[in-house]
Amino acid sequence: MYEQEHIKPYHAEGEKKQQVAQMFDHIAPTYDALNHRLSWNIDKGWRKKAIQQLCPFAPQTVLDIATGTGDFAIMAAQMLQPRKLIGADISTGMMKIGEQKVAKIGLSHVISFQKEDCLALSFQENSFDAVTAAFGIRNFQDLDQGLREIHRVLKPGGHVSIVELTQPVAFPMRQLFKLYSHTFLPFYGKLLSKDKRAYEYLTTTIEAFPQGETMLQIFAKAGFAKAQFTRLTFGICTMYLAQKEK
C-alpha cells in the first residue's frame, strides 16, 4: 500500500472510500469556490493543459473519473467535442452540482453523470477513447487497483490524462508550499466549508502521494505502455499522460 491510502478524512473506523464520499458530500456546496480561491484560479489553467494533451487524439468517448462537480468534464466537452462524456464519482452531492452546471450551459446531451466506485467500474472493457482525472486519484483507497480499472475500460491505444496536486521538489517553493498548506489552506478551508478535517486531509494526502518518476513506475505496473509527466507551477501540480498498448 502507498502511504496516502492509509490516510482517512475523519480518522474513524470504516473504509476510506466511504469517508471520502461523506467528506465530499459535506463540502460540495463550497467546493468550487474553495478550489478556485485556494489555487488563485491557477487550477483552471492546469485542467486546460491536461485536456490539451488529448487534443491530438480527438477522443469521441471520454470518462472523467472522480468528476466531482464536473469542471474538468465540462472543459473536456468544450475543448475535445466528444460524442459522449461520462462523469463518474462516489459523491452524489458533488455530481448533483455538476448536473446543474451542465444543464445551465446546455451540455446535457453530451455529458452525463454516474455514481461509480472507481476501484470497480461498471463499464465494459475497451469502452472509452480517453479517461481524465483532476485532483481525484489521490483519494483512491487502492491506487494500483484504480489505475488497473482505468486501463481496463480504455480502448487499445487510448489515453489517460491526469492532473494531481503534488509537493514541489525544489527550494524555496517546497518550503513556501509547506507553510501555505499547513497554515492558510486548512484555516480558510474550515472558514468556508465548516469542515476543518477536509482540508487537513488534503494537505496530508498531497505530502504522502507518490509523484514524478515513481508514478511512472506505478502506471507501468497497471499495464500502461507509455507514460510521461510534466510539473506545473513549480511542482505544485503534476500532469500525467499514459497510453494503453495498441
Side-chain angles (χ1 to χ4, degrees), residues 24 27-116 118 121-123 126-139 146 149-150 153-155 157-166 228-233 236-244:
F24 281 115
I27 67 173
T30 57
Y31 179 80
D32 283 342
L34 272 168
N35 226 22
H36 301 322
R37 291 178 192 177
L38 289 172
S39 71
W40 307 93
N41 274 325
I42 301 172
D43 64 299
K44 296 177 183 178
W46 296 336
R47 288 186 177 92
K48 185 175 182 180
K49 285 180 180 293
I51 295 166
Q52 285 172 337
Q53 292 188 123
L54 296 174
C55 286
F57 313 113
Q60 289 302 295
T61 52
V62 179
L63 173 65
D64 186 37
I65 289 284
T67 193
T69 61
D71 276 359
F72 205 29
I74 290 168
M75 188 179 287
Q78 292 170 333
M79 291 177 62
L80 299 173
Q81 298 187 333
R83 186 178 71 255
K84 179 179 73 171
L85 193 154
I86 298 175
D89 204 288
I90 200 170
S91 168
T92 53
M94 295 282 276
M95 288 190 292
K96 188 176 294 184
I97 293 172
E99 288 171 345
Q100 293 168 356
K101 291 196 292 189
V102 166
K104 187 175 181 179
I105 60 175
L107 281 175
S108 297
H109 64 293
V110 177
I111 302 173
S112 61
F113 292 88
Q114 207 164 304
K115 185 173 182 178
E116 292 280 343
C118 294
L121 295 168
S122 65
F123 309 106
N126 309 325
S127 293
F128 297 96
D129 298 317
V131 176
T132 58
F135 319 120
I137 65 168
R138 194 184 66 259
N139 298 312
E149 277 293 276
I150 290 173
V153 302
L154 271 173
K155 294 178 182 177
H159 296 80
V160 56
S161 181
I162 291 171
V163 281
E164 188 54 80
L165 294 169
T166 47
Q228 63 190 53
F229 75 93
T230 305
R231 290 191 172 95
L232 305 174
T233 317
I236 294 172
C237 177
T238 303
M239 177 173 69
Y240 300 92
L241 180 68
Q243 183 180 20
K244 182 174 179 175

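- Between the side chain of S91 and the backbone N or O of M94, at least one donor-acceptor pair lies under 3.5 Å.
- Applying the ring pair (Phe, Tyr, Trp, His ring centres under 6.0 Å) definition to pairs two or more places apart or across chains, none involves residues 67-99.
- Within the 4.5 Å cutoff, no side-chain heavy atoms of T166 are placed close to those of R231.
- A pairwise comparison of heavy atoms in L154 and K244 identifies O-NZ, 2.7 Å as the closest pair.
- Atom CD1 of I162 sits about 12.0 Å away from atom CE of M239, to the nearest 0.5 Å.
- Note: K101 NZ to D32 CG = 3.5 Å, rounded to the nearest 0.5 Å.
- The ring pair (Phe, Tyr, Trp, His ring centres under 6.0 Å) contacts involving residues 42-61 comprise F57-H159, where partners must be two or more places apart or lie in separate chains.
- The local environment of CD in Q81 is sparse, with at most 12 non-hydrogen atoms from other residues, nucleotides or ligands closer than 6.0 Å.
- Smallest separation of non-hydrogen atoms from V163 and C237: CB-SG, 4.0 Å.
- Across all non-hydrogen atoms, the minimal contact from A77 to V110 is CB-CG1, 4.4 Å.
- With T67 contributing its side chain and D89 its backbone, the two residues share no donor-acceptor pair below 3.5 Å.
- In this structure, CG on L80 lies 11.0 Å from OG1 on T61, to the nearest 0.5 angstrom.
- Here the side chains of L107 and H109 are in contact, with some heavy-atom distance below 4.5 Å.
- When D64, V102, T132, L63 are each tested for a side-chain contact (heavy atoms from CB on, under 4.5 Å) with L85, only one passes: D64.
- Distance check, rounded to the nearest 0.5 Å: CD1 of I86 to CZ of F123 gives 4.5 Å.
- A distance-only check finds no donor-acceptor pair linking the side chain of E99 to the backbone of G70 [under 3.5 Å].
- Of the inter-residue distances, the one linking L241 atom CG with Q228 atom CD reads 5.0 Å to the nearest 0.5 angstrom.
- Contact of the D129 side chain with the L54 side chain is not registered, since no non-hydrogen atoms from C-beta on lie closer than 4.5 Å.
- Among residues two or more places apart in sequence or in another chain, the side chain to side chain contact (heavy atoms under 4.5 Å, CB included) test is passed with Q52 by K48, K49, M79.
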Full working for side chain to side chain contact (heavy atoms under 4.5 Å, CB included) between C118 and E149: CA-CA 7 Å; C118 294; E149 277 293 276; over 6 Å; no
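- Summarising the geometry of A130 relative to P59, their closest heavy-atom pair is CB-CB, 3.7 Å, with the distance given to 0.1 Å.
- For the pair E116 (side chain) and S122 (backbone), a donor-acceptor distance under 3.5 Å is present.
- Contact detail for A76 and P82: the closest heavy-atom pair is O-CD, 4.0 Å.
- Expressed to the nearest 0.5 Å, how far CD1 of I51 lies from CD of Q78 amounts to 8.5 Å.
- M95 has its side chain out of reach of F24: every pair of non-hydrogen atoms, C-beta onward, lies at least 4.5 Å apart.
- Heavy-atom minimum distance, G136 versus E164: N-OE1, 3.3 Å.
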